[in-house]
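Written below as structure tokens is the structure these notes are about.
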Amino acid sequence: MIEKYKQDICEIGRRLYNRELVAANDGNISIKVDENKLLITPTMMSKGYMVEDDIILIDYYGNVLMGSKKPSSEYLLHTTVYKNRQDINAIVHAHPVTASAFAVCSRPVDMRYMPEAIMSLGVFPVAEYARPGTKELALSIMPYINNHNGCLLSNHGAVCWSKDVYSAYYLMEQLEFYCKTSLIAEQIGSPKIIP
Ligand SMILES: [Zn+2]
């Protein structure tokens, strides 16, 4: 199972990078293995070029159990979600251009324009600002873990959680699609809010 999960993480990394949902070495992906272990992407490496050996198995304290690379400094963001949602098995954190611009403006993504978005994504609130890679960043998402599929990280990017890594990735893709469509619609004219 672990080998399959590693392949999935590499595949999602390529998709994130190819769709410009992350730049350079940004973003991180994890899959929960059990109640105390997760597979996570390495720090300082492009998510578009990872191979299975680059993926690291860590415990919830960040100790490396398998792998030679250094795990993402954002692992606390991931363990915070896993500890609070038993139904969540994968997390994708990325910096999609439009969703990140919403995060910079502290504008929640409320899906007011498209019914499909509200059904599949729900509302994406903006977590309070905290520096990347800190415990404070992990704590900033606490108010949103139980009732949302993800949230924006103020002045930073977005994080999505779901039952598996493909679903978490699709949430990120849809979030960026919705943010981009809203932005263009607002530039074109006066978008209509769904009744
Ligand atoms: Zn980030």
Side-chain angles (χ1 to χ4, degrees), residues 8-32 38-50 54-56 58 60 62 64 67 69-85 88-109 121 124-145 148-162 165-180 183:
D8 290 342
I9 290 175
C10 294
E11 172 62 23
I12 294 305
R14 281 190 290 275
R15 293 189 191 194
L16 284 174
Y17 190 70
N18 292 339
R19 288 191 65 107
E20 298 182 3
L21 300 172
V22 289
N25 297 333
D26 297 344
N28 36 72
I29 307 159
S30 76
I31 296 181
K32 181 171 105 175
L38 61 146
L39 286 162
I40 194 160
T41 47
T43 189
M44 298 304 287
M45 182 173 190
S46 171
K47 305 302 158 302
Y49 300 94
M50 297 182 301
D54 295 323
I55 311 304
I56 303 134
I58 61 171
Y60 279 21
V64 174
K69 297 232 161 39
K70 195 169 177 272
S72 167
S73 57
E74 223 68 275
Y75 76 90
L76 283 171
L77 187 71
H78 296 245
T79 55
T80 301
V81 178
Y82 294 136
K83 281 179 188 168
N84 288 284
R85 284 279 301 267
I88 297 302
N89 297 305
I91 299 165
V92 172
H93 162 54
H95 301 170
V97 175
T98 327
S100 299
F102 273 64
V104 167
C105 294
S106 243
R107 176 173 160 180
V109 189
L121 285 162
F124 270 59
V126 187
E128 215 168 285
Y129 180 78
R131 278 211 340 266
T134 60
K135 196 179 167 199
E136 286 69 34
L137 182 73
L139 292 174
S140 76
I141 66 167
M142 279 293 279
Y144 312 112
I145 294 175
H148 297 272
N149 293 316
C151 64
L152 300 182
L153 305 171
S154 192
N155 297 82
H156 180 170
V159 56
C160 299
W161 45 81
S162 194
V165 76
Y166 284 88
S167 306
Y169 166 75
Y170 288 138
L171 287 170
M172 189 65 77
E173 222 180 53
Q174 287 178 301
L175 175 70
E176 177 61 3
F177 166 78
Y178 182 82
C179 289
K180 212 180 268 180
L183 171 71

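In this chain, numbering begins with 1 at the start of the sequence shown. Only heavy atoms go into these numbers, but all of them, side chains included; no hydrogens, no water, no symmetry mates. Owing to the predicted nature of the structure, the values given are computational and were not obtained by experimental measurement. Ligands are counted one by one from 1 in listed order, and the atoms in each one are counted from 1 as well.
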For the side chain of K70 and the backbone of P42, is there at least one donor-acceptor N/O pair under 3.5 Å apart?
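Here the side-chain-to-backbone pair does not exist.
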
What count do you get for protein N, O or S atoms closer to the Zn ion (ligand 1) than 2.8 Å?
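Step by step: take the Zn ion (ligand 1), keep protein N, O, S below 2.8 Å, and you get 3.
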
Mutual orientation of the aromatic rings belonging to H148 and Y144 [parallel < 30°, tilted 30-60°, perpendicular > 60°]
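Judged by the thresholds at 30° and 60°, the geometry between H148 and Y144 is perpendicular.
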
Any idea which heavy atoms bring C179 and A99 closest together, and the distance?
SG-CA, 3.8 Å

Side chain to side chain donor-acceptor pair (under 3.5 Å) contacts in which one or both residues fall within residues 91-102, not counting sequence neighbours:
D26-H95, H93-H95, H93-H156, H95-H156, T98-E176

Say whether S162 and Y170, considering side chains only, have a donor N or O and an acceptor N or O under 3.5 Å apart.
no

How long is the span from the SG atom in C160 to the CD atom in E173, to the nearest 0.5 Å?
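Going from SG on C160 over to CD on E173, the span is 10.5 Å.
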
